[in-house]
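Reminder, nothing fancy here: chain letters follow the sequence lines and each chain counts from 1.
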Number of protein chains: 2
Amino acid sequence: MKTLKFSRQRESIKACLMARSDHPTADAIYAAIREEYPNISLGTVYRNLNLLVELGEVQRLHCDNGPDHFDGDTAPHYHFLCRRCGRVIDMPMDHMDELNALAGRYYPGRVENHAMLFYGVCPDCLEMENLSLKEVDKSAVV
Amino acid sequence: MKTLKFSRQRESIKACLMARSDHPTADAIYAAIREEYPNISLGTVYRNLNLLVELGEVQRLHCDNGPDHFDGDTAPHYHFLCRRCGRVIDMPMDHMDELNALAGRYYPGRVENHAMLFYGVCPDCLEMENLSLKEVDKSAVV
DNA sequence: AATAAAATAGTAATAGTTACTGTTTTATTA
DNA sequence: TAATAAAACAGTAACTATTACTATTTTATT
């Protein structure tokens, strides 16, 4: 049986994910951890992220074809991907477990779970959109 | 302005996607087209798939970290990924556009659409599961 | 302190996809 | 129908995200 051994790198990766509310990629985590451990290797970050996901201490988010993002909050919840800034943001909306049952009524297979990702423009980018619209108005008046 | 020119390879790729109801990857399409055009290049398949997606004639399906799958049916609908055989299967279930509006009520951003993928065991693999359970029963009795 | 297992850093390799380049097809004009 | 220009091509190189490998270091146990 393979027993888990303590690793300060793994601790640091987990602490990083618990501390931040964005959903960093392996690369972003790598950059952050390097401040404390300047010669941690990217492979170590990936290996430990995979381990933490297996242990259920961290959640992996597949975002289209881009790099995976990671979430320290393991409660099932949905995410929003902003098509402007590319940020991955938590959705303040209950996870709809009942969708599995609903789907199961239409489909003869065994529906166990689902992944959902919303797309659109985040509040910050909406704000910027409005500001630049106003700019256009102004220059039109002048 | 760049005008589109006819290409027999592109026609063949589109025909292939219209004809089959599985959801092949670029590689699987490449293999299929090679029967008719033995020296088509994989790059051509990718380039044309991207083009067809842009033209809205074909749909791209992101499946976790694996290769993308493609669907000749462009009507928005959900898919099911079997964790046994890995097949991507159409869900006979309406696309829930109202989920966008629902999400929008909780989230201050502009929710434009969503992607959902169901996971579980497909009917064929369920069948096999049942058969092997019966095998176990038999040997237990004998 | 000695030992064994696990984890590491660093590097090489892999999968999926895109970019580049010289040649061939397509479509338009002469 | 031949000449031309644009688009697409095949083939290959490059790229991004990730995993695998290896010799060394860290952790934990005896």
Side-chain angles (χ1 to χ4, degrees), chain A residues 1-17 22-55 57-71 81 86-88 117, chain B residues 1-17 23-55 57-71 81 86 88 117:
Chain A
M1 64 229 69
K2 83 180 256 184
T3 53
L4 209 61
K5 257 172 193 169
F6 173 86
S7 128
R8 49 186 77 211
Q9 289 91 334
R10 181 160 59 241
E11 286 307 299
S12 175
I13 289 169
K14 197 182 168 192
C16 169
L17 276 171
D22 64 337
H23 303 82
T25 60
D27 225 62
I29 295 165
Y30 176 55
I33 306 287
R34 249 145 80 98
E35 314 246 312
E36 198 183 347
Y37 300 98
N39 52 358
I40 191 174
S41 113
L42 183 56
T44 297
V45 174
Y46 273 106
R47 183 167 22 78
N48 280 299
L49 283 171
N50 286 340
L51 230 170
L52 290 169
V53 169
E54 270 176 44
L55 295 172
E57 298 183 25
V58 145
Q59 190 171 172
R60 184 198 310 273
L61 310 175
H62 299 294
C63 291
D64 292 3
N65 41 8
D68 286 351
H69 291 241
F70 294 87
D71 191 340
L81 176 57
R87 273 184 293 181
V88 176
L117 181 61
Chain B
M1 63 231 69
K2 82 181 256 185
T3 53
L4 210 60
K5 257 173 194 169
F6 173 86
S7 127
R8 48 186 79 212
Q9 289 91 336
R10 180 160 60 241
E11 285 308 298
S12 175
I13 289 169
K14 198 183 168 192
C16 169
L17 276 170
H23 302 82
T25 61
D27 226 62
I29 295 164
Y30 176 55
I33 307 287
R34 249 144 80 96
E35 314 246 313
E36 198 183 348
Y37 300 98
N39 53 358
I40 192 175
S41 113
L42 183 55
T44 296
V45 173
Y46 273 106
R47 181 166 25 77
N48 280 300
L49 283 171
N50 287 339
L51 230 170
L52 290 168
V53 169
E54 270 175 45
L55 296 173
E57 299 184 25
V58 145
Q59 190 171 173
R60 183 199 309 273
L61 310 175
H62 299 294
C63 291
D64 292 1
N65 40 9
D68 285 351
H69 291 241
F70 294 86
D71 192 340
L81 177 57
V88 175
L117 182 59

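If you take CG of A:N39 and C1' of C:dG10, they are 10 Å apart, rounded to a whole angstrom. Rounding to whole angstrom units, CD of residue A:E54 and P of C:dA7 are separated by 11 Å. For the pair A:R60 CZ and D:dT19 C1', the interatomic distance rounds to 11 Å; values are reported in whole Å. At whole-Å resolution of the value, OH in A:Y37 and P in C:dA7 are 16 Å apart. Note: CG (B:N48) to P (C:dT17) measures 15 Å, nearest angstrom. Between the P atom of C:dA5 and the NZ atom of A:K2 lies a distance of 13 Å, rounded to the nearest Å. A straight line from CG of B:L61 to P of C:dG16 spans 16 Å, rounded to a whole angstrom. Rounded to whole Å, the distance from NE2 on A:H62 to P on D:dT18 is 10 Å.
Using a distance-only test at 3.5 Å, with no hydrogens or angles considered, a donor-acceptor pair links the side chain of A:R10 to the main chain of A:K5. A donor-acceptor pair is defined here as one N or O able to donate and one able to accept, closer than 3.5 Å; no such pair exists between the side chain of B:H69 and the backbone of B:L61.
Within residues 64-71 of chain B, the residues that have a heavy atom under 4.0 Å from DNA chain C are, in order of number, B:P67, B:D68. For DNA chain C, no neighbouring residue in residues 24-36 of chain A is found when judged by any heavy atom under 4.0 Å.
Remark: B:I40 CD1 to B:S7 OG distance equals 7.5 Å, nearest 0.5 Å. A distance of 8.5 Å separates NZ in A:K14 from CG in A:L55, rounded to the nearest 0.5 Å. To the nearest 0.5 Å, atoms CG (B:L42) and CD1 (B:I29) are separated by 10.0 Å. The CG atom of B:N39 sits 13.0 Å away from atom CD1 of B:I33, with the distance rounded to the nearest 0.5 Å. For the atom pair CZ (A:R47) and CD1 (A:I13), the distance works out to 8.5 Å, reported to the nearest 0.5 Å. Taking CG of A:L49 as the reference point, atom CZ of A:R60 lies at 7.5 Å (rounded to 0.5 Å).
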Q) Given the rule in the side-chain contact (heavy atoms from CB on, under 4.5 Å) test, do B:L51 and B:L4 qualify, once you have shown the distances and angles that lead to the verdict? A) CA-CA 10 Å; B:L51 230 170; B:L4 210 60; 3.8 Å; yes
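Listed pair A:Y46 / D:dT19 fails the phosphate criterion, with no side-chain N or O lying under 4.0 Å from OP1 or OP2. In this structure, B:N50 does not reach the C:dT17 phosphate: none of its side-chain N or O atoms is under 4.0 Å from OP1 or OP2.
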So which protein N/O to nucleotides 28-30 of chain D N/O distances come out below 3.5 Å?
from   : atom 1 : to   : atom 2 : distance (Å)
D:dA28 : OP1    : A:F6 : N      : 3.3

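For the pair A:T25 and A:F70, the tightest heavy-atom approach, listed with the atom from each and the gap, is C-CD1, 4.4 Å. The two residues A:T44 and A:Q9 have their closest heavy-atom pair at CG2-CB, 4.1 Å.
If you find the closest nucleotide of DNA chain C to B:L42 and to A:S41, the one lying nearer the 5' end belongs to A:S41. Nucleotides of DNA chain D nearest to B:I40 and A:Q9 differ in position, and the one nearer the 5' end is that of B:I40.
Here B:R8 lies in heavy-atom contact (under 4.0 Å) with sugar-phosphate atoms only. When heavy atoms are screened at a 4.0 angstrom cut-off, A:R47 is found touching base atoms of the nucleic acid.
Pairing partner, D:dT30: C:dA1, with both Watson-Crick or wobble hydrogen-bond distances short of 3.5 Å.
Within the 4.5 Å cutoff, side-chain heavy atoms of A:V88 are placed close to those of A:C63.
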